[in-house]
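One structure is given below, encoded as C-alpha cells.
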Protein chains: 2
Amino acid sequence: LFNHVVIIGVGLIGGSFALGLKRAGLARRITGVGRGAANLNRAVELGVIDDIAADAGVYGEADLILIATPVGQMARIMGEIAPRMKAGAVVTDGGSTKADVAALARTHFGNKLPRFVPAHPIAGAELSGVEAAKVNLYEGKKVVIAALPETAADAVQQVRAAWQACGAKIYEMSPAQHDATFAAVSHLPHLLAFALVDDIAQRPNADQLFQYAASGFRDFTRIAGSSVEMWRDIAVANRDALLGELDTYLAALTRMRAQLAAGDGEALAAVFANARQARENWLASIEKSEPPASPDREG
Amino acid sequence: LFNHVVIIGVGLIGGSFALGLKRAGLARRITGVGRGAANLNRAVELGVIDDIAADAGVYGEADLILIATPVGQMARIMGEIAPRMKAGAVVTDGGSTKADVAALARTHFGNKLPRFVPAHPIAGAELSGVEAAKVNLYEGKKVVIAALPETAADAVQQVRAAWQACGAKIYEMSPAQHDATFAAVSHLPHLLAFALVDDIAQRPNADQLFQYAASGFRDFTRIAGSSVEMWRDIAVANRDALLGELDTYLAALTRMRAQLAAGDGEALAAVFANARQARENWLASIEKSEPPASPDREG
C-alpha cells in the first residue's frame with residue numbers, strides 16, 4: 001500500500017495508472033501534478049485523482065511518484081523532485097525510450113539515483129488527457145522495467161507491484177536492451193510507415209494513387225497516424241539503435257531489389273515464405289499468452 | 001443478360017462473380033471450369049454454378065468467359081479459348097497485374113484480341129476455394145478495367161455491366177497505368193512488410209524481439225501473411241514498376257537516415273507530419289466515398 005502517490009501528467013498513461021492503483025486498493029491518496037488546470041480539475045471530478053498539488057512541495061510527501069509526461073519535460077521535473085524526496089520514496093516514469101531517461105536520471109537524481117526506476121508501459125502513449133484514461137488499460141499488457149545497475153531492489157519491487165496491481169505483466173531488461181528491442185519492432189516500423197505515406201503524398205499524382213490504396217495500405221500505414229511530436233522525440237532519443245535497424249533494413253531491401261532485378265522469383269518466394277511463417281508463429285504465440293490486443297498507439 | 005457464362009477458377013473471385021451475376025439475374029446459365037473436381041462439385045451443390053464443363057468445347061458456347069486463375073495458368077487457357085470463341089463473345093480476367101496479362105492476350109487471341117478485356121477486381125485474391133465465395137464480395141469495391149487500344153468498346157461495356165451488377169465501381173486505365181499505380185500502393189507495401197518480418201525472423205534474438213512486438217507491428221505486417229506464390233508472381237510480373245517504386249522508397253529512406261544521423265528532429269517531424277496529414281485526408285476521402293473496407297487480401 002502506498003500512502004501517497006503523486007502522478008505528474010494525468011493523461012491516458014498517468015490517469016489509467018491512478019485508476020488501476022485505486023481499484024486494487026493500493027493507493028490511499030493520489031495527487032495530480034500538471035500544466036493543464038482544466039485537465040487536473042476534470043481528473044478530480046472523474047475520481048481519477050484525489051487532489052491537485054499546490055506546488056513542488058508535494059514531492060516531499062510522496063511514497064511513489066510517476067512521471068507520465070513527454071520525455072522532453074523530465075529533466076525539469078527530476079530537478080524539482082530530487083532535492084525534496086523523502087527517504088524510501090520511489091520515482092518511476094512511463095517514457096517510450098529508456099537510455100535517455102536513464103541518463104537524465106543519472107544527471108538529476110544524484111545520490112537518490114537508486115530510488116529511480118525507469119519503466120515503459122506498452123499500452124497507449126498518446127497523452128490525450130484524462131478523459132482517455134481507463135481502469136483496464138494495462139490488463140494483460142506489458143510493462144518493461146529497465147533498471148540501472150544502481151537501482152535499489154526494493155524500489156524495483158514496489159514499481160513491479162504497482163504495475164501488477166494494474167493488471168500488467170512485468171518484463172525486465174537494461175535501458176540499452178529496451179531501446180534496441182523497440183527500435184526493431186516499433187520505432188523502425190513507424191519510420192517506414194511515415195516514409196511510405198510521405199513518399200506517395202509528394203507525388204504529382206498522389207490523389208490518383210491514394211484513390212486505389214486499399215485495406216492492405218490502410219493497415220500497413222496505420223502507425224503513420226501517430227503523434228508527430230512523440231515520434232520525433234523517440235526517433236532522436238533512440239537515434240543510434242534506430243540507425244542500426246535502418247541500416248539492416250536498407251541492406252535487406254537492397255538484397256530484395258537485386259532478387260527482383262534478376263527476376264529471381266524463387267529467392268523472393270523464400271523471403272516471403274519465411275516472413276509469412278514467422279508471422280504465423282508469432283501470432284500463435286501471442287494468442288496463447290495474451291488476450292487480443294486492442295489497437296492502442298504505441299511508444 | 002448473358003445466356004451462358006463460363007468461369008475458369010471457381011474460387012473466391014470467380015465464385016463471388018458468379019453469385020453476383022445470379023443475384024442480379026444477369027446470367028441464364030453459369031458453367032464452371034477448373035482443375036479441382038471436388039471444388040467444382042461443391043460449387044454446384046452451393047448453387048454458385050449450374051454445371052461443370054466436360055471439356056474445352058464449352059468455350060464455343062459462352063457469351064462471357066471469366067479467367068479467374070493465377071496468371072501462370074492464363075497462357076494455356078487463352079490458347080484453348082481463342083480458337084473456339086463464337087462471334088461476339090467476350091473474355092475477361094481477374095489477374096492482379098495487367099501488362100503481363102495484356103501481353104499474353106496479344107500473343108494468344110490473334111484476331112480475337114478486341115474481345116478480351118483485361119480487368120482487376122480489388123477485393124480479395126486468395127484462391128481459397130468456392131467456400132470463400134460471397135454474393136456481396138464486390139459491393140462498393142473497385143474493379144479496374146485496363147483495356148488495350150484494340151479492345152472493342154462493346155466488350156468493355158459488357159464487362160462493366162457484369163461487374164456493376166455485382167455491386168462494383170468501375171475505373172478505367174491502361175495496363176501500364178494499372179501496374180504503376182498498384183506497384184506504389186499495394187505491391188511495394190507487401191514487399192516492405194515481407195522484408196521487415198524476414199529481417200527480424202533471421203536474428204539470433206528473433207524470439208525476444210517478437211515477444212515485444214505489439215499491435216502496431218501486427219497491423220504493419222498483416223500483409224506479410226499473404227499468399228507467397230501469388231506475391232512472387234505479382235513481384236516478377238510487375239518487376240519494372242516495382243523496381244522504380246523500390247528505388248524511390250530507398251531514396252526516401254536514405255534521406256530519412258541522413259536526417260536521423262544528423263539528429264535533425266524538425267526535418268523528421270516535417271516528414272511525419274506530412275504523412276500523418278496525407279493519411280488523414282485519404283481516410284476522410286474514402287469514408288465519404290465508400291462503406292468501411294473489410295480487411296480482404298489484395299492482389
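This structure is a prediction, so every number in the text was calculated from the model and none was measured. Every chain is numbered from 1, with letters handed out A, B, ... down the list of sequences. Atoms considered below: every heavy atom in the structure, side chains included; atoms not considered: hydrogens, waters and symmetry mates.
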- Message: I'd like to know if the side chain of B:Tyr249 and the backbone of A:Leu192 have a donor-acceptor N/O pair within less than 3.5 Å.
- Response: yes

- Message: So which residue, A:Thr254, A:Asp207, A:Leu209, ends up with the most heavy-atom pairs under 4.5 Å with chain B?
- Response: A:Leu209

- Query: If you take all heavy atoms of B:Ala269 and A:Arg232, which pair is closest and at what distance?
  - Reply: CB-CD, 3.8 Å

- Task: Heavy atoms only, distances under 4.5 angstrom: which of A:Glu280, A:Glu266, A:Gln202, A:Glu229 has the most pairs with chain B? Name it, please.
- Result: A:Glu266

- Task: Nearest 0.5 Å please: distance from the CG atom of B:Leu242 over to the CE atom of A:Met256.
- Result: 9.5 Å

- Message: Donor-acceptor check, side chain of A:Arg257 to backbone of B:Leu243, threshold 3.5 angstrom: yes or no?
- Response: no

- Tell me, side chain or backbone of B:Ala267 under 4.5 Å from chain A's heavy atoms, or both, or neither? neither

- Would you find a donor on one side and an acceptor on the other, under 3.5 Å apart, between the side chain of A:Arg276 and the backbone of B:Ser226? yes

- So, the part of A:Leu188 with a heavy atom under 4.5 Å from chain B: the answer is side chain

- A:Asp198 side, atom CG; B:Arg255 side, atom CZ - distance, nearest 0.5 Å: 7.5 Å

- Message: Working to the nearest 0.5 angstrom, can you tell me the gap between A:Trp282 CH2 and B:Thr221 OG1?
- Response: 5.0 Å

- Top contributor to chain A contacts, counting heavy-atom pairs under 4.5 Å, from B:Val144, B:Val197, B:Leu260, B:Asp199: B:Leu260

- Rounded to the nearest 0.5 Å, the CD atom of B:Gln208 sits from the CE atom of A:Met173 at a distance of 5.0 Å

- Using the side-chain contact (heavy atoms from CB on, under 4.5 Å) rule, take B:Asn281 and A:Phe210 through it: C-alpha gap first, then chi angles, then the decisive distance, then the call. CA-CA 10 Å; B:Asn281 296 347; A:Phe210 279 124; over 6 Å; no

- Message: Taking side chain as everything from C-beta outward and backbone as N, CA, C, O, which of these in A:Ala258 sits under 4.5 Å from a heavy atom of chain B? Side chain, backbone, both or neither.
- Response: neither

- Message: Show me the pairs that pass ring-ring contact (aromatic ring centres under 6.0 Å, His included) and involve residues 252-272 of chain A, at least two apart or across chains.
- Response: A:Phe272-B:Phe194

- Query: Between A:Gln211 and B:Thr181, does a side-chain contact (heavy atoms from CB on, under 4.5 Å) hold up when you go through it step by step?
  - Reply: CA-CA 10 Å; A:Gln211 192 183 356; B:Thr181 299; over 6 Å; no

- Looking at A:Leu196 and B:Pro189, what are the two nearest heavy atoms and their distance? CD2-CG, 3.8 Å

- Message: Rounded at 0.5 Å granularity, tell me how far CD1 in A:Ile223 sits from CG in B:Asp219.
- Response: 8.5 Å

- Closest heavy-atom contact between B:Ala214 and A:Ile122? CB-CG2, 4.3 Å

- Note on the structure: Heavy-atom nearest pair, B:Val236 first then A:Gly263, reads CG2-O, 4.4 Å

- Item | Which atoms of A:Leu191 approach chain B - backbone, side chain, both or neither, heavy atom under 4.5 Å | both

- Task: Check for a donor-acceptor pair, side chain of A:Arg279 on one end and backbone N or O of B:Arg218 on the other, with a separation under 3.5 Å.
- Result: yes

- Message: Holding to salt bridge (Lys or Arg N to Asp or Glu O under 4.0 Å), I want the full list of residues that pass it with A:Asp179, two or more places apart in sequence or in another chain.
- Response: none

- Message: A:Thr248 vs B:Arg203, test: side-chain contact (heavy atoms from CB on, under 4.5 Å). Steps then yes/no.
- Response: CA-CA 11 Å; A:Thr248 303; B:Arg203 314 279 182 95; 3.9 Å; yes

- Message: I'd like to know which of A:Asp264, A:Asp247, A:Leu268 tops the heavy-atom pair count under 4.5 Å against chain B.
- Response: A:Asp247

- Name the member of A:Ala251, A:Gly265, A:Ala206 that forms the most heavy-atom pairs with chain B at distances under 4.5 Å. A:Gly265

- Task: Select, from B:Asn205, B:Leu283, B:Leu253, the one with the greatest count of heavy-atom pairs under 4.5 Å involving chain A.
- Result: B:Leu253

- Note on the structure: Greatest number of non-hydrogen atom pairs under 4.5 angstrom with chain B, of A:Ala201, A:Ala195, A:Ala180, falls to A:Ala195

- Considering only heavy atoms, which portion of B:Leu246 lies under 4.5 Å from any heavy atom of chain A: side chain, backbone, both, or neither? side chain

- Item | Toward chain B, the part of A:Ile200 with a non-hydrogen atom under 4.5 Å | side chain

